[in-house]
Every structure is written in C-alpha cells, then in structure tokens.
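All values below were derived from every heavy atom in this structure, side-chain atoms included, with hydrogens, water molecules and symmetry-related copies excluded. The residues of the chain are indexed from 1 along the displayed sequence.
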Amino acid sequence: QVQLVESGGGLVQAGGSLRLSCAASGRTLSGYAMGWFRQAPGEEREFVAVISWTGLTTYYTDSVKGRFTISRDNAKNTVYLQMNSLKPEDTAVYYCARNKNLSRYTYDASYVDWGQGTQVTVSS
C-alpha cells in the first residue's frame, strides 16, 4: 500500500496559479500511473488528469486542458499538478491516487490509495 499526502492548496484569485504536490511513502510509485481528481461541494468527484509511470503519457479533462499540467518525479516519489489561469469553477478539494487500470483512467474505481486531499479556492 502507498500513503499519499497532497499539499500546495490554498486561496488564490482568478487568473492565478498554484502547484499541487502529491508525495508518496510506503512504496515506490515507479510502475504506476498516477491521477488527480477533484470534488466541489455538493458535486461528485471528477477526474482531472493522469500521468503514466514513465511520464510520457498524460490525459486531462477538457475543462483544464491548456491550463493544468501533470508531471512526476519518480526519484522523489512525487506527482505534481501545475494549475495556471485558475477559475472560480476550479474550486474544489483535490485528491491524488494511484491508478491500477490506465485504460479506464477517468473512473475513480480505477484508483487506489487515495490521499486526504488539499483545498483549492479560487476567488472571483
């Protein structure tokens, strides 16, 4: 099992940027794709981005394409989500998780070892 801890969330004005980190302990992330999800109040958890274990393949939900970038540093056992041009609708708790089935990367059932989440609030 992997323990995941997200950090980097906070309050930012619309148009601003944040960089989220997801640090893993317990076992290496090498060999595993990793994903970011988010959940806004009263909404279901939704897929944001996923990265293959090599870092060569990434997928994003349409609403964040061109604004968010997922990356990873396997030597540091850490995954990142760079968020630029933030909008109020990006406000949510952001979670990282380990993917076990990259062919179904948008489904949260394809992920395990969820972190506790980090709050991102974008003011207008």
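- Proximity of Tyr105 to Tyr111: side-chain heavy atoms (C-beta onward) are separated by under 4.5 Å at one or more points.
- Residues Tyr94 and Gln39 form no side-chain contact, since every pair of their non-hydrogen atoms from C-beta on lies 4.5 Å or further apart.
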Next item on the list: Evaluate the criterion side-chain contact (heavy atoms from CB on, under 4.5 Å) for residue pair Val93 and Arg38; output intermediate values, then yes/no.
Entry: CA-CA 5 Å; Val93 177; Arg38 66 187 179 185; over 6 Å; no
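- No single ILVMFWY cluster, assembled from side-chain heavy atoms under 4.5 Å apart, contains both Leu81 and Phe47.
- Looking only at side-chain heavy atoms (C-beta outward), Tyr32 and Val112 stay at 4.5 Å or farther from each other.
- Val120 and Tyr80 are assigned to two separate hydrophobic clusters, defined by single-linkage of ILVMFWY side chains at heavy-atom distances under 4.5 Å.
- Taking 4.5 Å as the limit, every side-chain heavy atom of Asn99 sits out of range of all side-chain heavy atoms of Trp53.
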Note to self: Is there a side-chain contact (heavy atoms from CB on, under 4.5 Å) between Ser7 and Thr118? Walk through the geometry before answering.
What the structure shows: CA-CA 6 Å; Ser7 61; Thr118 185; 5.6 Å; no
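- Judged by distance alone, with hydrogens and angles left aside, the side-chain atoms of Asn74 form no donor-acceptor pair with the main-chain N or O of Asn77 at under 3.5 Å.
- Sorted pairs that involve residues 1-23 and meet salt bridge (charged side-chain N to carboxylate O under 4.0 Å, His left out), not counting sequence neighbours, are lacking altogether.
- To the nearest 0.5 Å, atom CG of residue Leu18 and atom CD of residue Gln82 are 8.5 Å apart.
- Among pairs with a residue in residues 96-105, those fulfilling salt bridge (charged side-chain N to carboxylate O under 4.0 Å, His left out) read Arg98-Asp113, at least two apart in sequence or across chains.
- Taken to the nearest 0.5 Å, the CG atom of Leu29 stands 14.0 Å off from the NZ atom of Lys76.
- Separating the OG1 atom in Thr54 from the CZ atom in Arg72 is a distance of 8.0 Å, to the nearest 0.5 Å.
- The hydrophobic clustering, which links ILVMFWY residues whose side-chain heavy atoms are closer than 4.5 Å, places Val48 and Val50 apart.
- A side-chain donor from one of Asn84 and Ser17 sits under 3.5 Å from a side-chain acceptor of the other.
- Formation of a donor-acceptor pair under 3.5 Å by the Ser52 side chain with backbone atoms of Thr57 is found in this model.
- Minimum heavy-atom separation, Val79 to Ser71: CG1-O, 3.3 Å.
- Note: Phe37 and Tyr95 fail the aromatic proximity criterion, with ring centroids not under 6.0 Å apart.
- Ion pairing between a basic and an acidic side chain is recognised when a charged N comes within 4.0 Å of a carboxylate O; Asp90 and Lys87 show no such pairing.
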Next item on the list: Carefully, step by step, assess Arg67 and Met83 under the rule side-chain contact (heavy atoms from CB on, under 4.5 Å).
Entry: CA-CA 6 Å; Arg67 300 188 299 121; Met83 306 186 297; over 6 Å; no
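- Looking only at distances, a side-chain donor or acceptor of Thr91 sits under 3.5 Å from a matching main-chain atom of Val122.
- Side-chain contact between Met34 and Leu4 is present, with at least one heavy-atom pair separated by less than 4.5 Å.
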Next item on the list: Verify side-chain contact (heavy atoms from CB on, under 4.5 Å) between Leu20 and Trp36, making sure each step is shown before the conclusion.
Entry: CA-CA 10 Å; Leu20 306 185; Trp36 285 95; 3.7 Å; yes
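- Taking each heavy atom of Ser124 and Ala14 in turn, the nearest pair found is CA-CB, 4.4 Å.
- Note that CD1 of Ile51 is 12.5 Å distant from SG of Cys96, once rounded to the nearest 0.5 Å.
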